[in-house]
Q: 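Before I ask anything, let me first share the structure, which is written out below as structure tokens.
All figures in this text were calculated on a predicted structure; none of them were measured in a lab.
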Amino acid sequence: MSERFDFTGDELAPAYRAAVDAIEAGDLVVLPTDTVYGLAADAFKADAVQRLLDAKGRGRDMPPPVLISVVESLDALATDIPDDGRKLCEEFWPGPLTVICHAQTSLMWDLGETQGTVALRVPDHENTRELLSRTGPLAVSSANKSGQPAALDVYDAEEQLGESVAVYLDGGEATGGQPSTIVDLTGDTPRVVRVGALSVDQLRAVVPDVATETDEKPAAETPTEDKPADETPAEDKPADETPAEDKPADEKPADEKPADEKPADEKPADEKLAEEKPAEDKPLVDESAEDKPAEDKLAEDKPAEDKPADVEPTAEAVVASKEDDTKTDPDVRPADRGHDS
């Protein structure tokens, strides 16, 4: 059954004792920090850390940070800390700064899928730091169910976490209200992973080279800026289309056929050309129509046009005394009318 203790004032001995006993037993403790209330477990007890994750409803892919009592513990838990990262820790610890570092490989702990890293912080809460000095490093995550707002007082935390927690330490309402700012120190340049209580400007006042995700996007987008350069082949496509521009040149043989009218006279004999370019052949038929009344296929192509043509122009042809042309002129005019329509 959960217990709640006053974590303010001078009478703190019962609270410390109950919290230390719970941590040593592998149980969970809710405690106040300078940002929000935290859910704590022994960082070196894998079953306790798993109990913390289960209480929050979180998977091992989201390992909890580790709270320490003093800046000097940084080197005991982390390695390869860059000078800029150390400057940030010295400036903002105790405070709302969490740093991600390469973890010491000799440490026997299991915080989840950390990929060889550990997130560390020294909270700016005197009573909590005193508790940390007695328990050692604690795996601490915000005291809430995953996806819910972080608890700002012990009652909110108790409502969300219930009997999964052995000891609740009531330190009043959290004064910070915002989570800590997280900075990744595993690369060449400190990089802000989450902006919280500390602003980027505050960090850059100490380390001007602090990077943010938004700062890196333009660099990440430079390949996309290169795409216009990569698209120069696409700009070459108009050059590639010059063969397409040559196609009209390839069509020049078709254009030359009207110029060479006599070969065009041979097209009626070539049925395929007549079928493929009926619209283009009709002008050719109009120009050399006198040679083609003898060909049955042209007459078959326009039977409907020939009959009405034979009716009307016949009388006109008699008046004009051109009996030989009566079959030729009507073939031309109906064809012209067909194009006009």
Q: For T79, give me all partners under side-chain contact (heavy atoms from CB on, under 4.5 Å), at least two apart in sequence or on another chain.
A: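 Listed in chain order: H102, Q104.
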Q: Donor-acceptor pair, Y168 side chain versus G162 backbone, under 3.5 Å?
A: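 Present.
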Q: How close do D153 and E173 get, counting heavy atoms only, and between which atoms?
A: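 Scanning both residues, the minimum pair turns out to be CB-CA, 4.4 Å.
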Q: Should the heavy atoms of other residues, nucleotides or ligands under 6.0 Å from CG of D83 be counted, would the total exceed 12?
A: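 Atom CG in D83 is not crowded, with 12 or fewer foreign heavy atoms closer than 6.0 Å.
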Q: Closer than 3.5 angstrom, by distance alone: can the side chain of T181 be matched with the main-chain N or O of G196 as a donor-acceptor pair?
A: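 Yes, because the side chain of T181 sits within donor-acceptor range (under 3.5 Å) of the backbone of G196.
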Q: Verify, without hydrogens or angle tests, whether E163 (side chain) and S2 (backbone) share a donor-acceptor contact under 3.5 angstrom.
A: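 The answer is yes, because a donor-acceptor pair under 3.5 Å joins these two groups.
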Q: Would you check if E158 and V165 make a side-chain contact, meaning some heavy-atom pair closer than 4.5 Å?
A: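 E158 vs V165: side chains apart.
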Q: Can you see which heavy atom on Y37 is nearest to which on V154, and at what distance?
A: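 Looking at all heavy atoms of both residues, the closest pair is CZ-N, 3.7 Å.
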Q: Taking the side chain as everything from C-beta on, heavy atoms only, tell me whether L120 gets closer than 4.5 Å to C89.
A: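 They are not in contact (no side-chain heavy atoms under 4.5 Å apart), so the answer is no.
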Q: Could you tell me whether the side chain of K145 and the main chain of A55 form a donor-acceptor pair under 3.5 Å?
A: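 Pair found, side chain donor or acceptor close to backbone of A55.
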Q: With D54, which of K56, R58, Q50, R51 fulfils side chain to side chain donor-acceptor pair (under 3.5 Å)?
A: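 Of K56, R58, Q50, R51, side chain to side chain donor-acceptor pair (under 3.5 Å) with D54 is met by Q50 alone.
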Q: With sequence neighbours excluded, what pairs up with D34 under the side chain to side chain donor-acceptor pair (under 3.5 Å) test?
A: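 Residues passing side chain to side chain donor-acceptor pair (under 3.5 Å) with D34: R121.
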Q: Do side-chain atoms of T128 reach the backbone of P32 as a donor and acceptor pair under 3.5 angstrom?
A: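 Side chain of T128 to backbone of P32, a donor-acceptor pair under 3.5 Å: yes, one is there.
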Q: So, does T33 use its side chain to make a donor-acceptor pair with the main chain of T35 at under 3.5 Å?
A: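 Answer holds: yes.
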Q: Taking ILVMFWY side chains as joined if any heavy atoms are under 4.5 angstrom apart, and letting links pass through other members, which residues group with I100?
A: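 Direct or chained contacts put I100 with I182, V193.
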Q: Locate the shortest heavy-atom distance separating A151 from N144; write the atom from each residue and the value.
A: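 Between these two residues, the closest heavy atoms are N-CB, 4.3 Å.
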Q: Has Q160 got a side-chain atom pairing as donor or acceptor with A150's backbone, closer than 3.5 angstrom?
A: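 Not a single qualifying donor-acceptor pair exists.
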Q: What closest approach, in Å, do A119 and T98 show between heavy atoms, and which atom pair accounts for it?
A: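 Minimum heavy-atom contact is CB-CG2, 3.8 Å.
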Q: Between L31 and A40, what is the shortest heavy-atom contact and its length?
A: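 For L31 versus A40, the nearest heavy atoms are CD2-CB, 3.8 Å.
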Q: Would you be so kind as to tabulate the donor-acceptor pairs closer than 3.5 Å made by side chains of residues 201-210, with sequence neighbours excluded?
A:
residue: Q202; atom: OE1; partner: S199; partner atom: N; Å: 2.9
residue: Q202; atom: OE1; partner: S199; partner atom: OG; Å: 3.3
residue: R204; atom: NE; partner: V210; partner atom: O; Å: 2.9
residue: R204; atom: NH2; partner: V210; partner atom: O; Å: 3.2
residue: R204; atom: NH2; partner: D215; partner atom: OD2; Å: 2.2

Q: Donor-acceptor pairs under 3.5 angstrom involving side-chain atoms of residues 8-26: please list them, not counting sequence neighbours.
A:
residue: T8; atom: OG1; partner: D6; partner atom: OD1; Å: 2.7
residue: T8; atom: OG1; partner: D6; partner atom: OD2; Å: 3.4
residue: Y16; atom: OH; partner: N127; partner atom: O; Å: 3.4

Q: With a 3.5 Å cut-off and sequence neighbours excluded, list the donor-acceptor pairs that the side chains of residues 65-74 form with protein atoms.
A:
none

